[in-house]
Each structure stands twice: as C-alpha cells, then as structure tokens.
Amino acid sequence: MPDPLVARLRAVGCVFAEEEAAEIRRVLGDDDSAADAVVAARGSGIPLEHALGTALFAGIEVEVGPGVFVPRARAETLIEQAVALRPEARVIVDLGTGCGAIAAALASRLPEAVVYAADLDPLALTFATRNANRYGFTVHEGDWWDALPPALRGTVDLAVAYLPHVPTARLDEIPGDYRTHEPDLSVAGGVDGLDPLRAVLVDLDDWLAVNGILVTLVADEQLDAARAVSYVRRVHLVEG
Ligand SMILES: C[S@@+](CC[C@H](N)C(=O)[O-])C[C@H]1O[C@@H](n2cnc3c(N)ncnc32)[C@H](O)[C@@H]1O
C-alpha cells in the first residue's frame, strides 16, 4: 500500500515526493505528527534537510539546520578524490566547512588524520561543533586560513574546500528553497564565481606541507578560469 505521506508531500508541491517520504520515514520512523510538521515546512519552502535537522553526505549523517548551507551530493566527489590522492594525509583542513560535512566524512575515512574545520559563519559552526563531537575533528572560526591555529602553517597535507562559487549573475538559478534559506555567504562567488578561490590561493603555499595539496570543486564552465588562477600551484580541481 502506498505511503500516504507521499500524497501529502505531492499535495504541497514536492516533486521528489517518494524520495522525500523515504527520508522522512528513515529519520522519524512512524511519528506521524512529526512527519506532518515536516510536510508543512516543505509546503512553506523550507528545504527537507533543514526541516529534518539532518542530511546524508558521503555515507554519513550530519546535523544541519535553518540558515546553514545544506551539504550537496555533488561535493561527495571531493571526498573520493581527496582520499584517493592523499590516503596518507595526517593533517587535513576543511576550509568553509559549513555544518562540517566534509570534515566529518574525511575524519571517518581517514581516522589516523587530525582534521581541522574552519568557517566564518558562527551559525554554521554551531552545527559543525555538534558534528565535530560526533565524528572527531576541531572547529575554528575566521576568514579562510586565518581561522586555523598558526602552528599548522606549513604542515597541511590535504586541504579540501567546497567554496562558494556561484557567479553573481547566476545566483537566481539556485533552486528556490535553498536560495531562500541558505546565506549568500555560502554560495556567492563574485562576478565569475572564483573570488573565494582567489582568496584561498593567496596564502596556500604558506599553509601546505611540502607535498600538500588543495582539492576544490568548480563548475564545468569555470574550469579554464580556475586553472588560470591556480597556475603553478598545488591545486587539484574537481568538476561538478
Ligand atoms: C558552498 S558552502 C560549503 C559548506 C560545506 N563545506 C559543505 O560542503 O556543506 C561554503 C562555505 O564557505 C563559508 N565561507 C564563506 N566565506 C568564507 C570566508 N571568508 N572564510 C571562511 N569561510 C567562508 C560559508 O560560510 C559556507 O559555509
């Protein structure tokens, strides 16, 4: 028998009603009144992950909530490629950690590494701190590298960063639920979308260890420009 939750989600405009119903059941079980509250939240345009307070990312579950960037499946490739490129990494940094999803996934995959997560947004860091307590990494507030303990300079084996990279003219193409409920700070990348990458590259060589690398993700159409700004640097660009 079809789950009536699917019909309720569809009635409030959810296109992927089956998938959303399955996720609601996974998190809430048979608690129908809690499920009703999530359906109402979806009807008012709140992203499912914000309504549930949780997101699946790279095989783990992380806490996330209103006003904080929701981890995206497309960024999971950063985890795969980073782990493949530097399985021996011992000092790992997640720049622009948001709720800490990338740091959490890396701490899970590379348990011998020490993982540091940094972000400028204190609200995001409240969620990152909860995920840090669960997955074992530390959380630091500040502007890109400046957030990190100074003693890490020259020691970072692996920096992973899912940076804001949406060009100004394309911000309105972000799906409405997310555009309304995630901060500009988490998505806006300036005119060509690469301002955050440029900012991170300024001090990259000071922070990386001799064989350290930065693994970051840009949109397909940004690859050439990102290669140009990353010229002669130790940067692995991932398309997504
Ligand atoms: C695209 S989101 C990625 C969040 C997280 N890594 C994830 O994958 O879910 C980019 C993040 O960069 C952070 N950010 C933006 N500007 C920053 C800055 N100057 N210094 C540190 N973090 C910054 C935002 O607050 C946001 O959490």
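Both ligands and their constituent atoms are indexed starting at 1 by order of listing.
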task = Take Thr54 and Glu63 through the test side chain to side chain donor-acceptor pair (under 3.5 Å) and record every step on the way to the result.
result = CA-CA 4 Å; Thr54 186; Glu63 290 188 43; over 6 Å; no

task = Using atom types as modelled and distance alone, determine if a side-chain donor or acceptor of Asp143 lies under 3.5 Å from a backbone N or O of Asp146.
result = no

message = Could you see if Leu163 belongs to whatever hydrophobic cluster contains Leu208? Use Ile, Leu, Val, Met, Phe, Trp, Tyr and a side-chain cutoff under 4.5 Å.
response = yes

request  = Identify which of Phe127, Phe57, Tyr162, Trp145 has a heavy atom lying nearest to atom 8 (O) of ligand 1.
outcome  = Tyr162

message = Could you check whether any heavy atom of Ala75 sits closer than 4.0 Å to an atom of ligand 1, since that is the contact criterion I want to use?
response = no

Salt-bridge contact Asp177-Arg42 (side-chain N to carboxylate O under 4.0 Å) = yes

ask   = How long is the gap from CG on Leu214 to CG on Leu95, to the nearest 0.5 Å?
value = 7.5 Å

task = State plainly whether the residues Asp205 and Arg153 are in salt-bridge range, i.e. N to O under 4.0 Å.
result = no

request  = Flag Gly96 as yes when one of its N or O atoms lies below 3.5 Å from any N or O atom of ligand 1, and as no otherwise.
outcome  = yes

note = shortest atom 1 (C) of ligand 1-to-protein heavy-atom contact is with Ser186 O, 3.0 Å

Contacting atoms of ligand 1, where contact means under 4.0 angstrom from a heavy atom of Asp121 = 25 (O)

ask   = So which heavy atom in the protein is nearest atom 19 (N) of ligand 1, and how far is it from that ligand atom?
value = Asp143 OD1, 2.6 Å

remark   = Near Leu185 (heavy-atom distance under 4.0 Å), the atoms of ligand 1 are 15 (C), 16 (N), 24 (C), 25 (O)

inquiry  = Does any N or O of ligand 1 fall below 3.5 Å from an N or O anywhere on Trp144, backbone included?
reply    = yes

query = Among protein heavy atoms, which sits nearest to atom 7 (C) of ligand 1, and what does the distance come to when rounded to 0.1 Å?
reply = Phe69 CD2, 3.9 Å

task = Examine ligand 1 and decide if any of its atoms is less than 4.0 Å from a heavy atom belonging to Gly142.
result = yes

inquiry  = Under 3.5 Å between any N/O of Asp119 and any N/O of ligand 1: does that happen in this structure?
reply    = yes

inquiry  = Determine whether the aromatic ring centres of residues Tyr162 and Phe69 are separated by less than 6.0 angstrom.
reply    = yes

message = As a check for students: among Leu120, Asp195, Leu95, Leu217, identify the option with a heavy atom nearest to atom 21 (C) of ligand 1.
response = Leu120

inquiry  = I need the nearest protein heavy-atom contact for atom 5 (C) of ligand 1: residue, atom name and distance, please.
reply    = Thr97 O, 3.2 Å

key: Distance in Å, Leu5 CG paired with Glu18 CD, rounded so as to fall on 0.5 Å steps   = 10.5 Å

message = Between Glu182 and Arg72, does any NZ, NE, NH1 or NH2 come within less than 4.0 Å of an OD or OE carboxylate oxygen?
response = yes

